[in-house]
A.B. asks: 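Sharing a structure, written as structure tokens. Questions coming.
Because only heavy atoms are used, hydrogens play no part in the values below, and waters and symmetry mates are left out as well, while side chains stay in.
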Amino acid sequence: MKKSCIAMLLAGGQGSRLYALTRNVAKPNIPFGGKYRIIDFPLSNCANSGIDTVGVLTQYRPLRLNSYIGSGLPWDLDSSDGGVYILPPYMGAGEKGSWFTGTANAIYQNIDFIEMYDPDNVLILSGDHVYKMDYSDMLREHIEKDAACTIAVLQVSMEDATRFGIMNVGEDGYINEFEEKPAHPKSDLASMGIYIFNWKKLKHYLIEDEKDPDSSKDFGKNIIPKMLAAGEKLWPYHFEGYWRDVGTIISLWDANMDMLSPTLINLYDANWPIRGRSPIRPPQYIGPAAEVDHSIITEGCEVEGRVTNSVLSNSVSVGAGAVVNYSILMPGAEVGPGAVVQYAIIGENTKVCAGARVGTEPDGSEEWGVATCGPDITIAPGAVVPAGAMIYESVGGMSHDN
């Protein structure tokens with residue numbers, strides 16, 4: 001059962017900044033890019049990197065996520081000597097038990113699971129990032145540098161650096177300081193929330209941290225600073241590819257729009273496939289009077305109207321004379337005849353009835369564009385926009401229920 005490295009995927013976040021989109025599902029289970037769920041990206045990265053044992057730590061609204069992951073077959077993670085395992089919070093005999101109280105506590109509660117595989121190293125991942133990364137390259141560098149912890153870092157602008165955990169490095173290249181969202185950053189190396197730890201060392205720090213009543217039980221706030229203070233070797237792994245945290249309405253919309261540009265993230269790379277559990281649906285149907293331009297249209301879609309610069313998940317319908325522009329339509333969404341949907345996110349199984357108008361076109365100012373603007377409005381899953389209704393106002397990311 002011994003493994004060189006296993007992965008622990010933190011997938012229990014509520015995703016409150018996605019508002020009604022995560023009312024009934026965990027953030028990693030949000031539909032994305034027409035064909036995927038957000039969690040498909042880290043799971044696919046694990047499979048493609050040769051990491052065949054993945055513990056998925058769930059907490060908030062886990063049922064649909066658990067069902068989606070299943071045995072791990074779609075990602076080729078159902079091997080007899082590894083596999084994917086759902087790990088919710090639990091209570092042992094005589095224990096008080098609790099929810100995960102932080103990222104470090106989530107791993108602490110699953111020490112027994114990790115020990116089953118006696119790994120040399122443990123890869124810690126988040127379930128709400130969209131990116132392609134070969135973790136085996138990061139692991140190789142981690143071992144070569146004899147690091148207690150290797151942290152994936154992304155170079156950002158100094159202006160954006162105030163929003164991230166920032167790694168400062170010394171002349172030897174090792175991390176010598178960590179700053180959480182500094183007002184005046186000294187470096188532009190932002191933590192991606194992807195870590196590889198030497199397991200024996202991490203286990204020690206997890207146990208010690210759990211004894212600290214003042215700790216937030218968090219990797220960035222507690223574990224990493226304590227390792228630095230103890231003189232442990234921490235190495236930055238420089239990542240230069242596409243990476244997006246999709247924890248807000250605007251970032252979710254931006255990342256979906258990025259899927260329309262293969263130069264940003266190539267989903268057609270046969271050497272690094274992004275896998276997912278695709279529903280069995282008939283082929284897409286594009287009607288004789290339909291117009292489709294620069295859009296993703298997936299299985300089971302029926303398009304009779306005009307769709308431009310948009311992402312349509314499976315089983316979406318767009319009626320005759322309807323217009324969908326710069327929008328994300330999640331599975332089962334219906335846009336009735338003559339309806340208009342612009343700069344919007346339409347939740348699963350939502351109905352925009354005939355003649356309704358949702359969202360407004362930007363005013364033409366330069367700040368509006370595919371990569372920089374956000375949706376005007378978000379309609380909650382299962383909602384109904386009545387025929388002829390007009391929902392124009394910008395809601396700052398809040399979602400309409402009806």
A.B. asks: Among Ile114, Thr53, Asn198, find the one that has a side chain to side chain contact (heavy atoms under 4.5 Å, CB included) with Pro119.
C.D. replies: Ile114

A.B. asks: Taking the six-membered ring for Trp and the full ring for Phe, Tyr or His, determine whether the centres of Trp235 and His142 are under 6.0 Å apart.
C.D. replies: no

A.B. asks: Working to the nearest 0.5 Å, report the span between SG of Cys46 and CE of Met133.
C.D. replies: 11.0 Å

A.B. asks: Check whether any side-chain heavy atom of Trp253 lies under 4.5 Å from a side-chain heavy atom of Ile345, and answer yes or no.
C.D. replies: yes

A.B. asks: Taking Asp218's backbone N and O only, do any of them form a donor-acceptor pair with Asn222's side chain (distance below 3.5 Å, no angle check)?
C.D. replies: yes

A.B. asks: What do you reckon, are the aromatic ring centroids of Phe219 and Phe197 less than 6.0 Å apart?
C.D. replies: yes

A.B. asks: What distance do His294 atom NE2 and Asn309 atom CG have between them, rounded to the nearest 0.5 Å?
C.D. replies: 6.0 Å

A.B. asks: State, yes or no, whether a side-chain contact exists between Lys3 and Asn121 at a heavy-atom distance under 4.5 Å.
C.D. replies: no

A.B. asks: Could you tell me whether the side chains of Trp272 and Asp134 share a donor-acceptor contact shorter than 3.5 Å?
C.D. replies: no

A.B. asks: Report yes if the distance between the aromatic ring centroids of Tyr242 and Tyr131 is under 6.0 Å, otherwise no.
C.D. replies: no

A.B. asks: Enter the distance from Met257:CE to Ser327:OG here, rounded to the nearest 0.5 Å.
C.D. replies: 7.0 Å

A.B. asks: Is a salt bridge present between Asp40 and Arg275, judged by a nitrogen-to-oxygen distance below 4.0 Å?
C.D. replies: no

A.B. asks: Other residues, nucleotides and ligands only: do more than 12 of their heavy atoms fall within 6.0 Å of NZ on Lys132?
C.D. replies: yes

A.B. asks: Could you tell me whether a side-chain N or O of Asn256 sits under 3.5 Å from a main-chain N or O of Gly33, the two making a donor and an acceptor?
C.D. replies: yes

A.B. asks: Between Glu210 and Lys217, is there a side-chain N and carboxylate O pair less than 4.0 Å apart?
C.D. replies: no

A.B. asks: Answer yes or no: is there a side-chain heavy-atom contact under 4.5 Å between Ile297 and Val292?
C.D. replies: yes

A.B. asks: Taking all atoms of both residues into account, what is the closest heavy-atom pair of Met138 and Ile151, and its distance?
C.D. replies: CE-C, 4.1 Å

A.B. asks: Taking the side chain as C-beta and beyond, is there a heavy-atom pair between Val335 and Leu329 under 4.5 Å?
C.D. replies: yes

A.B. asks: Is the CZ atom of Arg357 crowded by more than 12 outside heavy atoms at less than 6.0 Å?
C.D. replies: no

A.B. asks: Indicate whether any N or O donor in one side chain lies under 3.5 Å from an N or O acceptor in the other, for Ser215 and Asp209.
C.D. replies: yes

A.B. asks: Give a yes or no on whether a salt bridge exists between Arg306 and Asp293, defined as a side-chain N under 4.0 angstrom from a carboxylate O.
C.D. replies: no

A.B. asks: Any idea how Tyr85 and Tyr117 line up, ring-wise: parallel (<30°), tilted (30 to 60°), or perpendicular (>60°)?
C.D. replies: tilted

A.B. asks: So which atom in His129 and which in Pro42 form the shortest heavy-atom distance, rounded to 0.1 Å?
C.D. replies: O-CD, 4.0 Å

A.B. asks: As an exercise, state the distance from CG of Asn325 to OG1 of Thr308, rounded to the nearest 0.5 Å.
C.D. replies: 3.5 Å

A.B. asks: So, are Glu115 and Lys203 salt-bridged, with charged N and O less than 4.0 Å apart?
C.D. replies: yes

A.B. asks: Please find out if less than 6.0 Å separates the ring center of Tyr36 from that of Phe41.
C.D. replies: yes

A.B. asks: Can you find a side-chain donor-acceptor pair between Lys35 and Ser278 that sits under 3.5 Å?
C.D. replies: yes

A.B. asks: Quick one: does Leu21's side chain get under 4.5 Å of Thr378's, heavy atoms only?
C.D. replies: yes

A.B. asks: Step through the shown structure and confirm whether more than 12 heavy atoms of other residues, nucleotides or ligands are within 6.0 Å of NZ on Lys351.
C.D. replies: no

A.B. asks: Search all heavy atoms of Gln342 against all heavy atoms of Val340 and return the closest pair with its distance.
C.D. replies: CG-CG1, 3.7 Å

A.B. asks: Is Lys226 salt-bridged to Glu208, cutoff N-O under 4.0 Å?
C.D. replies: no

A.B. asks: Would you say the side-chain atoms of Tyr68 pair up with the backbone N or O of Arg277, donor to acceptor, closer than 3.5 Å?
C.D. replies: yes

A.B. asks: Does some side-chain heavy atom of Met192 sit less than 4.5 Å from a side-chain heavy atom of Trp243?
C.D. replies: yes

A.B. asks: Testing the 3.5 Å rule here: is there a donor-acceptor pair between the side chains of Gln155 and Asp188?
C.D. replies: yes

